[in-house]
Amino acid sequence: MQFQFNENGEFKILAIADPQDTDTPQKETIEVIEKALDRAKPDLVVFLGDNIAGWWRGVDKEKTEKAIRSVVEPVDSRGIPFAIVFGNHDHEGLTDENNKMTEEEAKEFQLSVYREYPTCLAIEGEEMTGCCNYNLLIKDSGGKKDVFNLWLMDSNPYAAEGGYGYVQPDQTAWYIKTSDALKEANGGKPLPSFLFQHICVPEVYELADESDSAKAGYVKGGSALFPNYYKASDKVVEGAFNEGPCPADTAHNQFETWKQQGDIIGAFFGHDHVNDFRGMVDGIWLCAVPAAGYYSYGDNHGVRTITLHENDLSGFDTEVIYADDLLGRKVTPAYKNNHGYYEYTHKFIPAVAGIAAAAAVAAAGICVAVAVKRKKKGKNAK
């Protein structure tokens, strides 16, 4: 499928993060997706990971497939192309003691379900860590030249060192190689790009003010790299740190490679359900997308629109559309006893956590604000 700017010189993306629901989803989860699609009328939808809840009572391949279809069909039925990345939960149920699939097998199975839809643009990508590392090109309104690029990366669920996952060196090598090729084809100039992945980079904390003690308006850091308390600084032009962002506990150089390549003007992340901030670090916009789903924790639901303008590809317009506005009502999640989520948070998390994570109360739900130390196959509520 070839993308190009519309006759009005615009291209609109709708980013949907963390639907994170089951085979019998909360009606509000689907309603938010449907109403967001009808309001935004996007040219492309990007699912930002944790597209399904992953684990719930009795999950198997059939129920996993049904959960995927429940969030995809509103998009496909409107004929809107969509892309996906994976989060830290999508695969979990299929890798448990009952289903016994590897992470790779689970993701490949799920990708096969997505790819049954003719509007799905996701591919497995080249051989490297993760699944669904790929890029999509957008041509000018005349359909003659590639003028913009979209990177979609698997940020991986959990790190071998403990804590959440991050983009691995072989993935970064692929990004650099492909970015260089796009630059050469673009006359030696970096091709302007967005990047979409589930887990944020640690550099989001450069948008925060820090305190070594709890204060009003500050939240506990969500990574071993950031053990103090934080709130949005004046670098944040909209939104807030409603919970401590949860990047990996391991320092890595993904953001530095973005700066080196000079192509990425904005990066978009899910994972931290109630965050909705946007700010610039070293010339790159870092944007949080709040959760769309009502099965898991959080009380700040929504989606994010991203609009490109062909006459100025150095910037973009973006807006968070909040679920309360889409639904026309305030909905308090009733997740605790649904589908075994209570069992998941009270049985599975303590079972795999070597050290208990600090918890932060996020409106009506309990937000796990610090990634606990665990092995790569561990589980977590985010």
Side-chain angles (χ1 to χ4, degrees), residues 14-21 25-37 39-40 46-51 53 71 87-89 196 198-200 204-205 207-208 216-222 229-233 236-247 268-279 285-306 318-336 338 341 345 357-371 380-382:
L14 180 67
I16 301 176
D18 301 272
Q20 201 165 330
D21 221 312
Q26 315 299 294
K27 65 178 182 178
E28 290 83 7
T29 300
I30 305 306
E31 191 176 353
V32 163
I33 293 172
E34 292 176 335
K35 289 183 178 295
L37 292 168
R39 178 179 297 193
V46 175
F47 286 104
L48 266 175
D50 286 359
N51 306 318
V71 296
N88 54 299
H89 283 311
F196 299 90
H198 185 65
I199 296 174
C200 64
V204 297
Y205 277 91
L207 299 172
Y218 284 75
V219 293
K220 180 69 174 172
Y229 296 84
Y230 305 85
K231 72 172 183 178
S233 71
V236 171
V237 299
E238 64 183 12
F241 279 41
N242 295 309
E243 63 173 300
C246 292
F268 302 87
F269 315 103
H271 189 51
D272 304 311
H273 291 202
V274 295
N275 282 343
D276 52 11
F277 59 81
R278 177 170 68 96
W285 289 101
L286 303 180
C287 308
V289 181
Y294 280 79
Y295 174 58
S296 186
Y297 81 88
D299 199 24
N300 185 41
H301 303 269
V303 297
R304 183 181 283 278
T305 64
I306 309 151
T318 185
E319 174 190 15
V320 172
I321 307 177
Y322 293 97
D324 294 353
D325 183 27
L326 290 168
L327 300 177
R329 64 189 188 277
K330 182 73 174 179
V331 177
T332 300
Y335 63 82
K336 273 194 174 181
N338 287 346
Y341 182 80
T345 55
V361 175
I366 297 178
C367 159
V368 177
V370 178
N380 184 284
K382 275 188 177 293

Visitor: State whether a side-chain donor-acceptor pair under 3.5 Å links Tyr322 with Asp276.
Guide: yes
Visitor: Which pair of non-hydrogen atoms, one from Ala36 and one from Val303, has the smallest distance, and what is that distance?
Guide: CB-CG2, 3.8 Å
Visitor: Just by modelled atom types, is the Leu207 backbone N or O under 3.5 Å from a matching donor or acceptor in the Ser233 side chain?
Guide: yes
Visitor: Taking all atoms of both residues into account, what is the closest heavy-atom pair of Pro19 and Gly49, and its distance?
Guide: CD-O, 4.3 Å
Visitor: Could you check if a side-chain atom of Cys200 sits within less than 4.5 angstrom of a side-chain atom of Asp272, using non-hydrogen atoms only?
Guide: yes
Visitor: Determine the minimum heavy-atom distance between Asn242 and Asn300, stating which atoms define it.
Guide: ND2-ND2, 3.6 Å
Visitor: Quick one: ring-ring contact (aromatic ring centres under 6.0 Å, His included) partners of Tyr229, sequence neighbours excluded?
Guide: none
Visitor: Relative to the ring of Tyr294, is the ring of His301 parallel (under 30°), tilted (30 to 60°) or perpendicular (over 60°)?
Guide: parallel
Visitor: Going by atom types only, do Thr318 and Arg304 share a side-chain donor-acceptor pair under 3.5 Å?
Guide: yes
Visitor: Taking side chain as C-beta onward, heavy atoms only, is Phe241 less than 4.5 Å from Lys231?
Guide: no
Visitor: I'd like to know if the side chain of Glu243 and the backbone of Val274 have a donor-acceptor N/O pair within less than 3.5 Å.
Guide: yes
Visitor: Closest approach of Leu48 and Ala15, non-hydrogen atoms and distance?
Guide: CD1-CB, 4.1 Å
Visitor: Indicate yes or no: does Asp325 engage Arg39 in a salt bridge with an N to O separation below 4.0 Å.
Guide: yes
Visitor: Does some side-chain heavy atom of Ile321 sit less than 4.5 Å from a side-chain heavy atom of Thr305?
Guide: yes
Visitor: Tell me, do Val32 and Ile30 make a side-chain contact under 4.5 Å, heavy atoms counted?
Guide: no
Visitor: List the atom of Ile199, the atom of Cys246, and the distance in Å for their closest heavy-atom pair.
Guide: CG2-O, 3.5 Å
Visitor: State which residues pass ring-ring contact (aromatic ring centres under 6.0 Å, His included) with Phe269; sequence neighbours excluded, sorted by chain then number.
Guide: none
Visitor: Under a 4.5 Å cut-off applied to non-hydrogen side-chain atoms, are Glu31 and Leu327 in contact?
Guide: yes
Visitor: Side chains of His271 and Asp50: do they bring a donor and an acceptor to under 3.5 Å?
Guide: no
Visitor: Contact between Arg329 and Glu28 at the side-chain level, heavy atoms closer than 4.5 Å - yes or no?
Guide: yes
Visitor: Any chance you could lay out the side-chain contact (heavy atoms from CB on, under 4.5 Å) test for Ile33 and Ile16, step after step, and finish with the verdict?
Guide: CA-CA 8 Å; Ile33 293 172; Ile16 301 176; 4.2 Å; yes
Visitor: Evaluate the criterion side-chain contact (heavy atoms from CB on, under 4.5 Å) for residue pair Phe47 and Asp18; output intermediate values, then yes/no.
Guide: CA-CA 8 Å; Phe47 286 104; Asp18 301 272; over 6 Å; no
Visitor: When rounded to the nearest 0.5 angstrom, what distance separates OG in Ser296 from CD in Gln20?
Guide: 4.0 Å
Visitor: Can Asp21 and Val71 be said to form a side-chain contact (heavy atoms from CB on, under 4.5 Å), step by step?
Guide: CA-CA 9 Å; Asp21 221 312; Val71 296; 5.6 Å; no
Visitor: Can you label the angle between the His273 ring and the Tyr297 ring as parallel, tilted or perpendicular, going by 30° and 60°?
Guide: parallel
Visitor: Taking all non-hydrogen atoms of both residues into account, name the closest pair between Gly222 and Tyr205 and its distance.
Guide: N-OH, 2.8 Å
Visitor: May I ask you to test the Asn275-Pro245 pair for a side-chain heavy-atom distance under 4.5 Å?
Guide: yes
Visitor: Do Val204 and Phe277 have side chains that get closer than 4.5 Å, going by heavy atoms?
Guide: yes
